[in-house]
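Here is the structure we will look at, set down as structure tokens.
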Number of protein chains: 2
Amino acid sequence: MNDEYRRSMPLFPISIVISLTDLSARQIRYYEQHELVKPARTEGNRRLFSFNDVDRLLEIKSLIEKGINLAGIKQVLSMQDEEETQEHSEEDIQEAQKDLSEKELRKMLKNELFQGNRMGKSSLRQGELSRFFH
Amino acid sequence: MNDEYRRSMPLFPISIVISLTDLSARQIRYYEQHELVKPARTEGNRRLFSFNDVDRLLEIKSLIEKGINLAGIKQVLSMQDEEETQEHSEEDIQEAQKDLSEKELRKMLKNELFQGNRMGKSSLRQGELSRFFH
DNA sequence: TTTTTGTGTAAGAAATCCTGACACACGTTG
DNA sequence: CAACGTGTGTCAGGATTTCTTACACAAAAA
């Protein structure tokens, strides 16, 4: 609750985020451009990332490495955002998942997606950064 | 243990530390100059502060507001540093406290120091930052 | 009163970051 | 196959942030 406030506090310049995520500046800016992350800005227009932002970037990176394109990642992330705010019934969740797997995933990700891990929530879930911080 | 590693990771530029501590850049640099904090540096020589650094600065600020001068603060902090690394017997701790109170405090802080709170460890202890982060 | 402390402020230089813009490999589409 | 779309690298010019050094000064200490 107050926790979310702390995790969304703008703290890191892009250089730190680069070292934390091993993404390039170009990648990070490109993801922002496509609204996968929305870092805050200083008065002088410099990006400032929160813990949530960094977590999100790590998640994006993990999905990228699975071969998912940005459109797909956007879907996944927006679904997760919904889950965080609203409480869902079992049906809702299945509905949302159908939305992703039928309309987008099967078509554009072919079979690469489900090699090995079945994209279970566990591996995609938040808190990646908790390996570094607490 | 691994926790200490995370808390000592250089993450924040001075601008963020300024907003987090409400200290001026001048103050922060001055404290560094007198070795109360030792922030890391980027390749380009910019300061990078860790959680521990910010905690320490908040502690410094709190002590400053109590009217303690830098020499006294340095003593207090160095004592705390020792406590963190080594395990002490009861005697050791009393010894250290005597070291501070007799040699320095009574002489240079006069009576201002003990007005109200008796400088109990509780109020000086670390983790101030935990009010903002976890 | 003279000195020391702690902080403000300013200047010039250097580092970091910003937004385009162009390139390009690869995969997709017509 | 040719044309297009996607995701990333890289470079340039400009803006912002930070650095050090130096001077100033009020308040406290000597």
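Keep in mind it's a predicted model, so treat the numbers as computed, not measured. So you know, we letter chains A, B, ... as the sequences are listed, proteins then strands, and number each from 1.
- Side-chain contact check for A/Ser50 and A/Asp53: at least one donor-acceptor pair (N or O, by modelled atom type) lies under 3.5 Å.
- In this entry the distance linking OH of A/Tyr30 with C1' of C/dT19 reads 16 Å, nearest Å.
- Atom CD1 in B/Ile28 sits roughly 11 Å away from atom P in C/dT7 (whole-Å rounding).
- For the pair A/Leu23 CG and D/dT8 P, the computed distance is 8 Å after rounding to whole Å.
- Remark: A/Arg29 pairs with no residue by the salt bridge (Lys or Arg N to Asp or Glu O under 4.0 Å) rule, at least two apart or across chains.
- No side-chain donor-acceptor contact under 3.5 Å links B/Lys66 to the backbone of B/Lys61.
- The backbone N or O of B/Ala40 sits nowhere less than 3.5 Å from a side-chain atom of B/Arg47 that would complete a donor-acceptor pair.
- The nearest whole Å value for the distance from the CD1 atom in B/Ile18 to the C1' atom in D/dT17 is 10 Å.
- Side-chain atoms of A/Ile64 and A/Tyr31, non-hydrogen and from C-beta on, do get closer than 4.5 Å to each other.
- Of the candidate nucleotides D/dC19, C/dT7, C/dC17, C/dT7 has the atom nearest to the side chain of B/Gln27.
- Going from atom CG of A/Leu63 over to atom P of D/dG7 covers 13 Å, rounded to whole Å.
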Compile the donor-acceptor pairs under 3.5 Å between side chains in residues 12-22 of chain A and protein atoms, sequence neighbours left out, one pair per line.
{"from": "A/Ser19", "atom 1": "OG", "to": "A/Ile16", "atom 2": "O", "distance (Å)": "2.8"}
{"from": "A/Thr21", "atom 1": "OG1", "to": "A/Val17", "atom 2": "O", "distance (Å)": "2.7"}
{"from": "A/Thr21", "atom 1": "OG1", "to": "A/Leu23", "atom 2": "N", "distance (Å)": "3.2"}

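- A/Ile60 and A/Leu77 make their closest contact through CG1-CD1, 3.7 Å (heavy atoms, listed as atom of the first residue, atom of the second, distance).
- Rounded to whole Å, atom C1' of D/dA15 lies 14 Å from atom CZ of A/Arg47.
- Rounded to whole angstrom, the span from the CG atom of B/Asn69 across to the P atom of D/dA29 amounts to 8 Å.
- Remark: A/Arg46 engages no residue in a salt bridge (Lys or Arg N to Asp or Glu O under 4.0 Å) (not counting sequence neighbours).
- In this structure, OH of A/Tyr31 is placed 14 Å from P of D/dT6, rounded to the nearest angstrom.
- Residues in residues 36-45 of chain B take part in these salt bridge (Lys or Arg N to Asp or Glu O under 4.0 Å) pairs, two or more places apart or across chains: B/Glu32-B/Arg41, B/Glu35-B/Lys38.
- Distances from the side chain of A/Ser15 to the nucleotides C/dG8, D/dT20, C/dT16 place C/dT16 closest.
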Dump the pairs, protein N or O against N or O of nucleotides 20-27 of chain C, anything under 3.5 Å, distances to one decimal.
none

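- The stretch residues 32-46 of chain B comes close to DNA chain D through B/Arg41, B/Asn45, B/Arg46, each having a heavy atom under 4.0 Å from the strand.
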